[in-house]
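Presented below is the structure to which this report refers.
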Number of protein chains: 2
Amino acid sequence: MPPEPPPMPADADSPALPVGPAFSPLYQQIKALLVKSLQDGEWKPGEAIPSELELAARFRVSQGTVRKAIDELATENLLVRRQGKGTFVATHAEEKIQYRFLRLTSDDGEATGWERHFLDCRRMRAPAEVSRALGLKAGEPALLLRRTLGREGVPVVLDEIWLPAGPFKGLTAERLAQYAGPMYGLFETEFGVRMIRAEEKIRAVAADAVSAGLLQVAPGYPLLSVERLSRTYGDQAVELRRGLYNTASHYYRNELS
Amino acid sequence: MPPEPPPMPADADSPALPVGPAFSPLYQQIKALLVKSLQDGEWKPGEAIPSELELAARFRVSQGTVRKAIDELATENLLVRRQGKGTFVATHAEEKIQYRFLRLTSDDGEATGWERHFLDCRRMRAPAEVSRALGLKAGEPALLLRRTLGREGVPVVLDEIWLPAGPFKGLTAERLAQYAGPMYGLFETEFGVRMIRAEEKIRAVAADAVSAGLLQVAPGYPLLSVERLSRTYGDQAVELRRGLYNTASHYYRNELS
DNA sequence: TAGTGGTCTAGACCACACA
DNA sequence: GTGTGGTCTAGACCACTAC
């Protein structure tokens, strides 16, 4: 559906409304069309999208307009540009930097990978708070997954992960254990769910008995509580996760500007 | 100093070096010139910089090239664009959103301001760790400032702030107390030090006796420890701060993508 | 050599703010 | 109305990658 060649504001259909004119630049419309193609699976994670000139021809706009749309999608990490090669759909699998969303760094800047250990994966009724966050209907089932991440035999992270049962039908701890690479990579390739962005709420809490046992610390030990709500295209929430981090030899890094 | 009008790569001066050609796009050079003008104080925080056309004429490049340079500085929060009005130097003072770098949010989304209380401001020899972070020479003096931020009479944040004594000569707790607005605003207007970006390292810790007293919690209570290194132009570190946050009814928010 | 993204230009017109 | 930033176009050339 090519938009009108002359860049006109979407014309007001109702003359005396108090709301704004809802003007939308062409490149924003192109951007929305690109997101729709991503959402519809026209291009899959890791694949190249058509070249800028092809897209310009398809949408009947100039290359510069397509470029601006892609630029924004690239800064939002939906796309990745590679000079001389093309523009690619971002992916959590096959990435050099694994665990794109995990902001935990070791005090000594070592780069060894994480030792993963899946505890269990149960299907159950979601608590009201989880249902609300994930937009589930009352009584709709969810999956509760627990796992740890460790370094040199010592557990550092304990994650409790809530997922809507529908899109993740067939997910088991065994399946996760045998998949090499980050969890979000498996979600992409096996369930077609792509994590685009997330919000985290961070607090300091005292370890309860269960968490203390799993993280090998004393009850009451201060832990970082990281509550993450992850979203896919269209800002739809698809994961609620609560991580407990032992920050004795790791820290959560953040950059401000 | 206008760069060469023909956009040529800075020509290789050493033919057989294994290093790259150090090609730098024109708009990056313009960007560097703009940063230099900011650093030299040609335009002060809150002021407007010249229009894009003026800058294009000054640097002998097209408006589009200036635009791209400004775009990047705007996304880095060094400049703020306001359609129809101009482009302005970012400031911590006179901002609608005060405390630009404080990522602490109340559980109920209330927007009441912070109650500030300055405890003391002492000039002293900086510990080695602080000297290293701030790039001070051995024995060079520093200021140690302590303060709390509270809501409804309850302290929530305890900050311990290290500053190089030189640039902040004359800073006292009294002066801070009588200044309305965020501390970084005063740093800008009174000392010409502008905080541009910062890195934070976040951990969970147990309250020690002193902190517990000041934050009105029991010793051992879990607190969020936020260590912030703030930088000014040229990535020079100018502040090392350690905040202890009571996250009983507040959380540190972060967005991932 | 061909194809991709990256840079740069020049000019037109639009949306917004302010006097 | 004038000046500002914002959008859009068309075309040229450069840098990088792969064949």
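Naming convention: chains lettered A, B, ... in sequence-line order (proteins, then strands); numbering from 1 in each chain.
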Of all the nucleotides listed ([options]), which has the minimum atom distance to the side chain of [X]?
| X | options | answer |
| --- | --- | --- |
| R67(B) | dA15(D), dA18(D), dG6(D) | dG6(D) |
| K85(B) | dT7(D), dA17(C), dA18(D) | dA17(C) |
| E54(A) | dC8(D), dA15(C), dT4(C) | dT4(C) |
| L26(B) | dC8(C), dC8(D), dG5(D) | dC8(C) |
| E52(B) | dG5(D), dT7(D), dC8(C) | dG5(D) |
| F23(B) | dA15(C), dA15(D), dT4(C) | dA15(D) |
| T65(A) | dG5(C), dC8(D), dT4(D) | dC8(D) |
| P25(A) | dC16(D), dC8(D), dT9(C) | dC8(D) |

Close side-chain approach of [X] and [Y], heavy atoms under 4.5 Å:
| X | Y | result |
| --- | --- | --- |
| R241(B) | M183(B) | yes |
| Y184(A) | E239(A) | yes |
| R100(B) | N77(B) | yes |

Q | Any side-chain donor near an acceptor of the partner, Y252(A) and E200(A), under 3.5 Å | A | yes

Q | Which nucleotides of DNA chain C pair, in dot-bracket form (Watson-Crick or G-U under 3.5 Å, | meaning another strand) | A | ||||||||||||||||||.

Q) Applying salt bridge (Lys or Arg N to Asp or Glu O under 4.0 Å), which residue pairs with at least one partner in residues 73-87 of chain A are found, sequence neighbours left out? A) K31(A)-E76(A), E52(A)-R81(A), D71(A)-R81(A)

What is the distance, to the nearest angstrom, from the [atom1] atom on [X] to the [atom2] atom on [N]?
| X | N | atom1 | atom2 | value |
| --- | --- | --- | --- | --- |
| K68(A) | dT7(C) | NZ | C1' | 16 Å |
| R60(A) | dT9(D) | CZ | P | 12 Å |
| R82(B) | dA17(C) | CZ | P | 11 Å |
| Q83(A) | dC14(D) | CD | P | 14 Å |
| R81(B) | dG3(D) | CZ | C1' | 15 Å |
| I30(A) | dT7(D) | CD1 | C1' | 13 Å |
| L53(A) | dT4(C) | CG | C1' | 9 Å |
| L55(A) | dT9(D) | CG | P | 14 Å |

Q: Please confirm whether R151(B) makes a cation-pi placement over W114(B), using NZ or CZ under 6.0 Å from the six-membered ring centre and within 45° of the ring normal.
A: yes

Q: Considering only NZ, NE, NH1 and NH2 on the basic side and carboxylate oxygens on the acidic side, decide whether R231(A) and E199(A) come within less than 4.0 Å.
A: yes

Taking N or O atoms only and anything under 3.5 Å, show me the protein contacts with nucleotides 10-13 of chain C, one pair per line.
none

Q.
Quick check on DNA chain D: between Q28(A) and G84(A), whose nearest nucleotide comes earlier from the 5' end?
A. Q28(A)

